[in-house]
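The structure appears right after this line, and notes come after that.
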Number of protein chains: 2
Amino acid sequence: MTEVLVVDDEPSMLRALHLNLTARGYQVITAEDGTSALNKFGLHEPAVVVLDLGLPDIDGLDVIRAIRTGSQVPILVLSARVGSNDKVAALDLGADDYVTKPFDMNELLARLRAATRRGSPGAGRRKVVAFADVTVDLDSKQVLHAGEPVHLTRTEWHLLELLLHNPEKLITSRQLLIALRGQPDHTDPSYLRIYMAQLRKKLEPDPARPKHLLTEPGMGYRFQP
Amino acid sequence: MTEVLVVDDEPSMLRALHLNLTARGYQVITAEDGTSALNKFGLHEPAVVVLDLGLPDIDGLDVIRAIRTGSQVPILVLSARVGSNDKVAALDLGADDYVTKPFDMNELLARLRAATRRGSPGAGRRKVVAFADVTVDLDSKQVLHAGEPVHLTRTEWHLLELLLHNPEKLITSRQLLIALRGQPDHTDPSYLRIYMAQLRKKLEPDPARPKHLLTEPGMGYRFQP
DNA sequence: GGGTGCCGTGAGGAAGTCGTGAAAAGCGCG
DNA sequence: CGCGCTTTTCACGACTTCCTCACGGCACCC
């Protein structure tokens, strides 16, 4: 759980950021002026700071200076000032990034990820899906069944990946065929069944009665975690 | 003296950046396409990369991927694309910053300083990887096998480095080829196999039955410590 | 009950991939 | 210019994977 300190004097902006950040799993601490920002920074030691420059009490640049005297925490500056002088000043004082308002929320979140990623290099992203006694590491492409590594062929992996990326969603045979072979039509309808059987044989405890790699008759397939 | 690799296909932009960067005391290496960019990156190991996304040969995002599989060097992306999708993609692939053209040169320089500032503190640590009776010093580029120093050619070393930087992770042949040669060259699929064979011959106790430099048929290769 | 789809499974040949030896093409250097 | 080292290409068995076909089972409908 990553703690992020958000400093902005506009309540609406604060709310919007709070909403989006908590939705992404961040733990959000808010402050509306420089004084409380520095206080809360000292108390919580957040992993990253999002800082608006236009604060009522202290100049935002001074806030950066104050934080940087005692910490290397990533600072992402948010500002309505578009002039390059402000940007240069903020960045040279130790800010890690500078985003001008109005901004795209997705971009801000991406920049936030980039900033935090640098702070904790060991905690790289790792997408792991687990169900029953199977563990699938989508990043390193490794599959463990009952603790033993399982070898999947390219097509088997491709198919499993598609299913795992859309848990509980039904994927039509047509979609799967397009993804696997690029040909939507005129293919042997048993093609998919062979690979589903392979996957079930390798991953399901009882391949005859699958509980996670499900068939939707007449429609397609579905992965149930 | 900080080395910076500047990649852009427009000669005028390249000139402008070269001028401003050398004036600030940087040592500038330039490249006009993805292939030579990756080549020069491997040769010079710059302290920071300025990368335009719109390259003639390879997609800029693939260049980021290739660099990131083997290095944590700061990457500052330069692009004419203003959509947030491109920004998010580039940043999540490992880029450190994203600047849209046209840009203010002073701001770019400030962002460059911010990016290099972060990169420097971690540069001192010594990374050594050991497995079986092999010891690899990633800093001094020395390899010891059963206590005896082993000589690796540039390509062999590059390949080993890529694998060792991503332990247990599967790296696709495509990724490796882009990193080694700059192109996902499909003309000669045996290229990689020769170098894997060389590495195994030099490092594996039993080259015929590799236990650390593993092949994932149809997918790529994996380093198992 | 028989017909009709659709699904699961086994088998086997075609096609592709891997590892290896060997040889041509570059490349740096004296 | 020749020499050694490296990179790159080619060729060939051994092996794996892909894909098609054929057959049996189950559910549903007429």
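In what follows, chains carry the letters A, B, and so on, assigned in the order in which the sequence lines appear, proteins first and then strands, with residues in each chain numbered from 1.
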- Note on the structure: Whole-Å distance, L159(B) CG to dT7(D) P, equals 11 Å

- Note on the structure: Across all chains, not counting sequence neighbours, the side-chain contact (heavy atoms from CB on, under 4.5 Å) partners of L43(B) are R154(B)

- Paired with D97(A), the salt bridge (charged side-chain N to carboxylate O under 4.0 Å, His left out) test is passed by just one of K87(B), R118(B), R111(B), namely R111(B)

- Task: Write down the distance between NZ (K202(A)) and P (dT16(D)), rounded to a whole number of angstrom.
- Result: 12 Å

- Item | For atom CG of L213(B) and atom C1' of dG19(C), their distance in whole Å | 14 Å

- Task: To the nearest Å, give me how far apart CG (L177(A)) and C1' (dC19(D)) are.
- Result: 12 Å

- What residue pairs, at least two apart or across chains, pass side chain to side chain donor-acceptor pair (under 3.5 Å) with a residue in residues 193-206 of chain A? E156(A)-K202(A), R200(A)-T215(A), D206(A)-R209(A)

Could you pull out the protein-nucleic contacts involving nucleotides 5-10 of chain C (nitrogen or oxygen on both sides, under 3.5 Å)?
| residue | atom | partner | partner atom | Å |
| --- | --- | --- | --- | --- |
| dC7(C) | OP1 | G218(A) | N | 3.1 |
| dG8(C) | OP1 | R200(A) | NH2 | 2.5 |
| dG8(C) | OP1 | T215(A) | OG1 | 2.7 |
| dG8(C) | OP2 | Y221(A) | OH | 3.1 |
| dG8(C) | N7 | R193(A) | NH1 | 2.5 |
| dG8(C) | O6 | R193(A) | NH1 | 3.0 |

- Excluding sequence neighbours, so at least two apart, what forms salt bridge (charged side-chain N to carboxylate O under 4.0 Å, His left out) with E10(B)? K101(B)

- Within residues 12-31 of chain B or reaching into it, pairs that qualify as side chain to side chain donor-acceptor pair (under 3.5 Å) - sequence neighbours excluded: none

- Query: Rounding to a whole Å, what distance do you find between L199(B):CG and dT7(D):P?
  - Reply: 11 Å

- Item | Q72(A): partners by side-chain hydrogen bond (donor to acceptor under 3.5 Å, both in side chains), with sequence neighbours left out | none

- Task: Please report, rounded to the nearest Å, how far the P atom of dT20(D) is from the OH atom of Y191(A).
- Result: 8 Å

- Query: So how far off straight is the helix from dG1(C)-dC30(D) to dG30(C)-dC1(D), going by the axes through five pairs at either end, to 10°?
  - Reply: 30°

- Nucleotide dT7(D), atom C1' - distance to CG of L180(B) in whole Å: 12 Å

- Residue set satisfying side-chain hydrogen bond (donor to acceptor under 3.5 Å, both in side chains) with T2(A), at least two apart, ordered chain then number -> none

- Check the angle between the aromatic planes of F131(B) and F223(B) and answer parallel, tilted or perpendicular using the 30° and 60° thresholds. perpendicular

- Message: Holding to salt bridge (charged side-chain N to carboxylate O under 4.0 Å, His left out), I want the full list of residues that pass it with D92(A), two or more places apart in sequence or in another chain.
- Response: R113(B)

- Starting at atom CG of L214(B), determine the distance to atom C1' of dG19(C), rounded to an integer number of angstrom. 15 Å

Side-chain donor-acceptor distances from residues 160-167 of chain A under 3.5 Å, at least two apart:
| residue | atom | partner | partner atom | Å |
| --- | --- | --- | --- | --- |
| H165(A) | ND1 | E161(A) | O | 3.2 |

- For E216(A), enumerate each residue passing the salt bridge (charged side-chain N to carboxylate O under 4.0 Å, His left out) test, keeping only those at least two apart in sequence or located in another chain. R222(A)

Pairs under 3.5 angstrom, nitrogen or oxygen only, protein versus nucleotides 3-6 of chain D, please.
| residue | atom | partner | partner atom | Å |
| --- | --- | --- | --- | --- |
| dT6(D) | OP1 | H151(B) | NE2 | 2.6 |

